[in-house]
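For this chain, numbers begin at 1 and follow the sequence in order. Model, not experiment: these values are computed from the prediction.
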Amino acid sequence: MTSLLEKLGQDPQRSLTIFLRGLGLFVLSLICIGLGYFYHHLWQVLGILLLGISCIIAAWGYLGIFANRWMNILSKHKINKNIKF
């Protein structure tokens, strides 16, 4: 499990970029859903499809950020565990 966390959290800046792209797509999907309410219903279909894709992309980026933070916590815990008074 540690190797998986290391792999996912190895580049937090890239994970943040992926998360922000997913967030941007999420906003775009909400705009498409709103357009579909006032105009043609196919805008809503496009918005719902984009909503699913954007949630997956944002979740992937957030998972990388979370893995990096978790690895930092685990490494600090190992350091503190090895210190004896």
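- Separation of atoms CG (N68) and CG (L63) is listed at 11.5 Å; rounding is to 0.5 Å.
- There is no path of hydrophobic side-chain contacts, each under 4.5 Å, that joins L49 to L28.
- Here the CG-CG distance, from L42 to L35, works out to 12.5 Å after rounding to the nearest 0.5 Å.
- At a threshold of 4.5 Å between side-chain heavy atoms, the hydrophobic network of Ile, Leu, Val, Met, Phe, Trp and Tyr places L50 and W60 in one connected group.
- The structure places OH of Y39 at 13.5 Å from CD of Q44, a figure rounded to the nearest 0.5 Å.
- Clustering ILVMFWY residues whenever any of their side-chain heavy atoms sit less than 4.5 angstrom apart, transitively, puts I31 in the very cluster that holds L25.
- Heavy-atom minimum distance, S15 versus G64: OG-CA, 3.5 Å.
- Linking Ile, Leu, Val, Met, Phe, Trp and Tyr residues whenever their side-chain heavy atoms come within less than 4.5 Å leaves I56 and L30 in two separate clusters.
- The minimum heavy-atom distance linking G47 with C32 is given by the pair CA-CB, 3.6 Å.
- You'll find the side chain of I33 stays beyond 4.5 Å of the side chain of W43, heavy atoms only.
- Residues I57 and L46 share a single hydrophobic cluster, defined by chaining ILVMFWY side chains whose heavy atoms lie under 4.5 Å apart.
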